[in-house]
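One structure below.
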Amino acid sequence: MRLLLVEDDPDLSEMLTETLTDEGYHVDRAPDGQRGLHLGLTRPYDVLVIDRLLPALDGLDLLTRLRSRAVPARALLLTALGTVADRIAGLDAGADDYLAKPFDLDELSARLRALCRRIPDTAEALHVGRGLLDLAARDVVLPDGGRVALSAREFELLRTLADRPHQVYSRAQLRRRVFDEAAAASIVDTYVYYLRRKLGRGVVRTVHGLGYRLGAL
């Protein structure tokens with residue numbers, strides 16, 4: 001699991017990073033809201049741990065901006081503001097859970113495990129509009145029941161998009177996730193073209209100035 005920790009207290013950030021790394025998370029750290037926003041929009045994460053009171057950009061504002069850009073990662077807010085109104089504000093901003101400071105590390109770990117269990121990773125097929133991406137056969141089931149075979153990289157590109165259908169991926173993100181940065185960034189455009197040629201232009205949507213997201217069959 002990839003985890004983004006946005007926390008301005010350096011001692012707490014260091015302790016949480018060591019703890020979460022020991023538990024198997026790949027942790028990136030941000031010391032303020034602006035850095036957290038940049039990382040959250042440019043790298044794929046499964047879980048976000050965000051402090052409520054941050055310099056540069058408040059934690060609620062940060063989470064609201066990430067959700068407005070369709071970042072789907074589960075989010076847990078950490079805060080010293082523990083009133084009912086504060087918790088409601090955090091949940092309304094897009095948080096999945098809320099933990100008041102001071103907190104117990106075991107409780108934080110348990111809450112993160114619960115969030116991770118809600119991340120689907122065992123599906124046998126992913127929806128692509130009215131069609132399906134068959135993860136076992138590694139091909140596409142069309143709405144009329146026909147099947148289209150994919151190459152390994154075509155499959156990985158479509159699987160990445162279909163796994164988070166509302167997320168917009170930049171070319172750099174797709175290159176890093178699918179192609180191991182072994183080729184020029186234009187390789188992403190090439191394989192988008194291949195998918196559209198096989199499945200129709202609507203299968204991948206271009207978001208001008210940002211990148212690509214899943215379309216539909």
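- Leu39 and Leu37 fall within the same hydrophobic cluster, defined by Ile, Leu, Val, Met, Phe, Trp and Tyr side-chain heavy atoms under 4.5 Å apart, directly or through other members.
- Side-chain atoms of Leu199 and Leu217, non-hydrogen and from C-beta on, do get closer than 4.5 Å to each other.
- Judged by distance alone, with hydrogens and angles left aside, the side-chain atoms of Glu18 form no donor-acceptor pair with the main-chain N or O of Met15 at under 3.5 Å.
- Taken to the nearest 0.5 Å, the CG atom of Asp97 stands 8.0 Å off from the CG atom of Leu91.
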Donor-acceptor list for residues 49-62 side chains, cut-off 3.5 Å, not counting sequence neighbours:
residue	atom	partner	partner atom	Å
Asp51	OD1	Lys101	NZ	3.1
Arg52	NH1	Asp58	OD1	2.7
Arg52	NH1	Asp58	OD2	3.0
Asp58	OD2	Leu60	N	2.9
Asp61	OD1	Arg65	NE	3.3
Asp61	OD2	Arg65	NH2	3.3

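- The shortest side-chain heavy-atom distance between Leu126 and Leu135 falls under the 4.5 Å cut-off.
- With contacts defined as side-chain heavy-atom distances shorter than 4.5 Å, the pair Leu41/Leu66 qualifies.
- Of all the heavy atoms in Ala93 and Arg67, the pair that sits closest is O-CG, 3.8 Å.
- Rounded to the nearest 0.5 Å, atoms CZ (Arg171) and CG (Leu210) are 10.0 Å apart.
- Nearest heavy atoms, Gly94 versus Leu63: C-CD2, 3.6 Å.
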Please report the C-alpha distance between Tyr212 and Asp189 in whole Å, then the side-chain angles of each, then the deciding distance to 0.1 Å, and finally whether the side chain to side chain donor-acceptor pair (under 3.5 Å) criterion is met. CA-CA 9 Å; Tyr212 296 110; Asp189 303 316; 2.6 Å; yes

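- At a threshold of 4.5 Å between side-chain heavy atoms, the hydrophobic network of Ile, Leu, Val, Met, Phe, Trp and Tyr places Leu161 and Val148 in one connected group.
- Of all heavy-atom pairs spanning Val128 and Ala162, the tightest one is CG2-CB, 4.3 Å.
- Among the candidates Leu5, Leu12, Leu3, Asp28, the single residue satisfying the side chain to side chain contact (heavy atoms under 4.5 Å, CB included) test with Thr17 is Leu5.
- Between the side chain of Arg2 and the backbone N or O of Pro44, at least one donor-acceptor pair lies under 3.5 Å.
- Smallest separation of non-hydrogen atoms from Gly36 and Ala30: N-CB, 3.5 Å.
- In terms of hydrophobic clustering, with Ile, Leu, Val, Met, Phe, Trp and Tyr side chains grouped at heavy-atom distances under 4.5 Å, Val141 and Leu150 are assigned to different clusters.
- Distance check: Leu214 CG to Leu158 CG gives 6.5 Å after rounding to the nearest 0.5 Å.
- The pair Glu156-Arg153 does not meet the salt-bridge criterion, since no charged nitrogen lies less than 4.0 angstrom from a carboxylate oxygen.
- The environment of CZ in Arg111 is crowded: more than 12 heavy-atom neighbours from other residues, nucleotides or ligands sit within 6.0 Å.
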Evaluate side chain to side chain contact (heavy atoms under 4.5 Å, CB included) for Leu108 paired with Leu76, printing each intermediate quantity in order. CA-CA 9 Å; Leu108 172 64; Leu76 184 147; 4.0 Å; yes

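- For the residue pair Glu23 and Ser109, a side-chain donor N or O sits within less than 3.5 Å of a side-chain acceptor on the partner.
- Two residues are said to be in side-chain contact when any heavy atoms from C-beta on lie closer than 4.5 Å; Tyr191 and Leu195 fail this criterion.
- The main-chain N or O of Pro165 is found under 3.5 Å from a side-chain atom of Arg213 such that the two form a donor-acceptor pair.
- Rounding to the nearest 0.5 Å gives a distance of 9.5 Å between CZ of Arg138 and OG of Ser151.
- Two residues are said to be in side-chain contact when any heavy atoms from C-beta on lie closer than 4.5 Å; Tyr25 and Leu112 meet this criterion.
- A distance of 13.0 Å separates OH in Tyr169 from OG1 in Thr42, rounded to the nearest 0.5 Å.
- Rounded to the nearest 0.5 angstrom, Tyr98 OH and Thr79 OG1 are separated by 4.0 Å.
- Residues Leu77 and Ile88 do not share a hydrophobic cluster, defined by chaining ILVMFWY side chains whose heavy atoms lie under 4.5 Å apart.
- A salt bridge links Asp134 with Arg147; the closest basic N to acidic carboxylate O contact falls under 4.0 Å.
- For His127, the NE2 atom is loosely surrounded, since the number of other residues' heavy atoms within 6.0 Å does not exceed 12.
- The number of heavy atoms from other shown groups lying within 6.0 Å of OH (Tyr193) does not exceed 12.
- A salt bridge is defined here as a Lys NZ or Arg NE, NH1 or NH2 lying under 4.0 Å from an Asp or Glu carboxylate O, and Glu154 with Lys198 meets this definition.
- Look at Asp46 and Arg113 and you find no salt bridge, because none of the NZ, NE, NH1 or NH2 atoms lies under 4.0 Å from a carboxylate O.
- In terms of heavy-atom proximity, Arg196 sits nearest to Arg205 at NH2-C, 4.0 Å.
- Considering only heavy atoms from C-beta on, Leu132 stays 4.5 Å or farther from Val140 through its side chain.
- Proximity of Leu16 to Leu105: side-chain heavy atoms (C-beta onward) are separated by under 4.5 Å at one or more points.
- Annotation for Arg201: atom CZ does not count as buried by contact number, only 12 or fewer foreign heavy atoms lying within 6.0 Å.
- Taking both residues in full, the closest heavy atoms of Tyr45 and Leu4 are given as CD2-N, 3.7 Å, listed atom of the first, atom of the second, then distance.
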